[in-house]
Amino acid sequence: MIEIKNLNKTYKRDGKIALKNIELEIKEGEFTALLGQNGAGKTTLINILSGNVKKTSGKVFIGGFDLDTNELDTKKIIGIVPQEAGFDTFFPLYEVLKKQSGYFGIKDNEEHIDYLLDTLSLTEKKNSMLRELSGGMKRRVLIAKALVHKPKILILDEPTAGVDIEMRHSIYDFLNELHDSGMTIILTTHYIEEAERLCDRILVINKGEIIADEPKEQLMEKFSKELQVTIYFEKEIKLEDCSFLMDYRPEVHHKNELHLTIKKDEINTAIQMIAQKNMHFADITIEREKLEDIYLSLISNR
Amino acid sequence: MNIFYNRIGFFTLFFREIHRFTKVSVQTVLAPLISNLLYLGIFAGILSTRSAGIDGINYLQFLVPGLATMGALMAAFQNPSSSIIQQKFMNTLQDLNSYPISDAEKTSAFILGGTVRGILIGTLTYLATIPFVHTGIQSPVFFFVSLGITSFIFSSIGFISGLALEGFEQMNFIFALIITPLTYLGGVFFEASKLSGILGMVRFINPIYPLVNLTRYAYLGVYEENIVVHGILAGVFVIVTFGIALYAFKKGIGIKIN
């Protein structure tokens with residue numbers, strides 16, 4: 001759906017190299033997270049796709065259309081939710097969405113606009129001027145604007161910044177619904193748990209280069225060096241009873257829960273050690289490192 | 001790249017530009033109209049019986065097409081320039097980059113939106129003067145065409161300024177130091193050819209002078225200097241200003257980051 005070949009961007013204003021030899025292919029229906037620190041190059045990449053920034057070199061294909069020769073065709077299939085909320089202060093919300101439809105060559109789009117307003121809980125505000133809306137509502141308006149022409153690809157640049165938790169979850173549900181319907185989605189976010197929860201592919205960009213690009217499960221499997229193991233004992237236990245497990249940084253919680261941090265290939269050894277001590281446990285849970293930990297370790301290694 | 005790519009998109013953008021100024025019509029339509037009528041009232045009070053230097057034409061008859069042209073060009077300049085600068089402040093100008101509308105369509109939509117406002121102000125100025133100056137238009141079609149050409153040229157200049165300028169202060173600077181002096185030296189209030197010295201020479205490089213002359217010819221049927229030459233000059237201005245506007249937009253001046 002999106003193919004990027006040897007993409008480079010150096011800003012003329014200050015000579016800053018924002019993207020270096022980016023090679024990327026995003027397939028139809030993928031839900032991809034684009035992670036990176038501020039200034040890593042995420043927004044530059046998105047702005048090249050949206051046409052706001054001119055690339056220095058390389059090729060970009062969107063839906064099979066070459067950005068250099070068929071730029072207008074690429075715009076019909078892409079919807080962008082920008083990071084910074086800018087709003088037309090002249091017209092009320094419904095009028096803004098009708099005009100947005102018109103810009104994409106769609107004349108009678110009332111049904112779809114009503115669906116978007118309803119889904120994004122904006123129906124009550126359809127006649128309000130945009131300046132009257134709260135920050136969270138403005139974010140949702142940006143999503144509605146990006147979807148008004150039913151794009152095949154949706155790119156969201158930090159869509160939930162400033163949105164309250166309840167509404168954030170409602171946006172997650174909506175994005176999942178869009179993904180289930182076959183839409184290709186690219187999400188940049190500072191909330192790593194958002195990427196972990198929603199996306200099936202993780203891209204990490206650092207200093208203009210892609211330093212990780214893998215399916216989420218594979219990435220977490222590959223980079224997860226330690227496991228968080230919680231063992232639930234039938235009886236109360238004390239930390240001093242677990243001195244033989246000191247290598248695994250034991251902690252006792254709620255009197256009968258033992259938390260251990262164990263390297264992936266040592267888990268059997270640890271459990272055998274517990275069994276040999278005749279310590280009977282009722283249950284065991286094993287959690288991998290969170291994506292956030294993996295992300296931080298990837299960034300800090302550079 | 002197709003020039004005509006998205007007809008609905010073009011018309012949506014074009015009508016947005018019209019819708020925008022009609023929503024604030026007190027500032028955009030009524031205010032310039034009152035301003036022009038004040039000019040007429042002041043000059044009617046002190047110079048109504050003065051001859052304009054053209055046989056059989058009194059000063060007020062001479063003044064009406066000048067005011068109509070001035071009103072048209074100023075309104076036409078302000079529409080795209082203020083629209084673009086406002087969008088820069090609202091952080092919405094870059095949205096234009098995401099629309100599947102060709103550069104020629106986007107440029108034309110802004111410029112034609114300004115042209116409509118210019119023609120409207122020029123026409124309303126003429127209509128408002130009818131009770132005071134009992135003169136019919138010699139050639140109504142040519143009068144509207146002339147207002148249209150004037151408005152198109154200055155809407156193009158306004159479009160270029162909007163893209164190139166950072167804010168309203170810079171726009172006011174251009175307006176006060178370039179547009180207004182050229183308007184006064186362009187034959188709106190008096191025959192520019194009667195000016196002597198450097199001020200008189202300015203008319204040869206002043207794009208407003210031939211435009212005022214064309215509108216006056218359409219209104220009165222008389223002209224100050226060679227009307228064919230001024231007609232050709234107006235045509236050249238149309239092509240050059242639109243060409244520069246389109247080039248500036250294609251280059252992404254003020255709208256894309258290089």
Side-chain angles (χ1 to χ4, degrees), chain A residues 9-14 18 43-44 46-56 65 68-92 95-96 98-109 129-131 142 145-146 148-149 151 155, chain B residues 1-28 79 82-110 113 166 249-258:
Chain A
K9 175 64 197 173
T10 304
Y11 285 106
K12 284 186 182 171
R13 61 188 175 202
D14 54 8
T43 300
T44 297
I46 289 175
N47 279 335
I48 288 173
L49 297 175
S50 69
N52 286 334
V53 169
K54 291 183 172 181
K55 60 187 169 63
T56 304
F65 295 110
D68 293 329
T69 55
N70 294 80
E71 191 182 358
L72 295 177
D73 294 318
T74 69
K75 294 181 189 308
K76 281 188 171 176
I77 54 175
I78 203 164
I80 308 266
V81 180
Q83 191 179 97
E84 286 178 31
F87 289 104
D88 199 323
T89 53
F90 279 96
F91 306 109
E95 189 66 33
V96 166
K98 272 186 79 174
K99 283 186 173 13
Q100 183 81 1
S101 305
Y103 298 142
F104 283 87
I106 305 165
K107 215 172 180 181
D108 302 308
N109 202 25
M129 301 302 280
L130 298 181
R131 61 175 172 270
L142 290 178
K145 276 179 74 180
V148 89
H149 59 293
I155 300 178
Chain B
M1 182 74 70
N2 295 329
I3 294 173
F4 305 107
Y5 183 83
N6 179 354
R7 184 175 53 84
I8 295 172
F10 162 76
F11 278 111
T12 307
L13 202 51
F14 168 63
F15 285 118
R16 184 211 176 264
E17 286 305 290
I18 294 172
H19 198 173
R20 194 188 62 81
F21 81 77
T22 55
K23 282 203 84 162
V24 282
S25 53
V26 172
Q27 296 101 301
T28 57
N79 208 58
S82 61
S83 174
I84 290 170
I85 289 172
Q86 267 169 356
Q87 288 183 64
K88 283 183 181 176
F89 278 99
M90 294 189 296
N91 204 15
T92 56
L93 190 63
Q94 71 277 11
D95 288 358
L96 276 177
N97 293 324
S98 65
Y99 303 149
I101 308 172
S102 73
D103 290 341
E105 286 170 326
K106 286 174 191 165
T107 304
S108 305
F110 273 95
E166 299 278 327
F249 193 80
K250 271 183 180 294
K251 290 289 284 180
I253 291 171
I255 187 168
K256 287 191 181 187
I257 302 167
N258 271 305

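Within every chain, numbering begins at 1; the chains are lettered A, B, ... in the order of the sequence lines, protein sequences first and strands thereafter.
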CD1 of B:Ile8 to NZ of A:Lys107: how many Å apart, nearest 0.5 Å? 6.0 Å
Evaluate the side-chain proximity of A:Arg13 to B:Ile257: yes if any heavy-atom separation is below 4.5 Å, no if none is. yes
Heavy-atom contact with chain B under 4.5 Å, split by part of A:Thr89: both
What part of A:Lys55 lies closer than 4.5 angstrom to a heavy atom of chain B: side chain, backbone, both or neither? neither
Would you mind checking which part of A:Asp73 comes under 4.5 Å of any heavy atom in chain B, side chain (CB onward), backbone (N, CA, C, O), both or neither? both
Let me know if A:Leu49 has heavy atoms under 4.5 Å from chain B in its side chain, its backbone, both or neither. neither
Hey, are the side chains of A:Lys145 and B:Asp95 touching, using non-hydrogen atoms and a 4.5 Å cut-off? yes
What closest approach, in Å, do A:Gly51 and B:Lys256 show between heavy atoms, and which atom pair accounts for it? O-CE, 3.2 Å
Interface moiety of B:Gln86 toward chain A, non-hydrogen atoms closer than 4.5 Å: side chain
Within this structure, what is the CG-CD distance for the pair A:Leu72 and B:Glu105, rounded to the nearest 0.5 Å? 8.0 Å
So how far is it from A:Asn52 CG to B:Asn97 CG, rounded to the nearest 0.5 Å? 4.5 Å
Does any N or O in the side chain of A:Lys99 come within less than 3.5 Å of the main-chain N or O of B:Arg16, such that one atom is a donor and the other an acceptor? no
Contacting region of B:Tyr5 [heavy-atom separation from chain A under 4.5 Å]: side chain
Any side-chain heavy-atom pair of B:Asn6 and A:Lys76 under 4.5 Å: no
What is the minimum heavy-atom distance between B:Pro100 and A:Tyr103, and which atoms define it? CD-O, 3.6 Å
Give the minimum heavy-atom separation between A:Lys54 and B:Lys251, together with the two atoms involved. NZ-O, 2.9 Å
Which word best sums up how the rings of A:Phe91 and B:His19 line up, parallel for under 30°, tilted for 30 to 60°, or perpendicular for over 60°? tilted
For the pair A:Lys75 (side chain) and B:Ile101 (backbone), establish whether a donor and an acceptor sit closer than 3.5 Å, ignoring hydrogens and angles. no
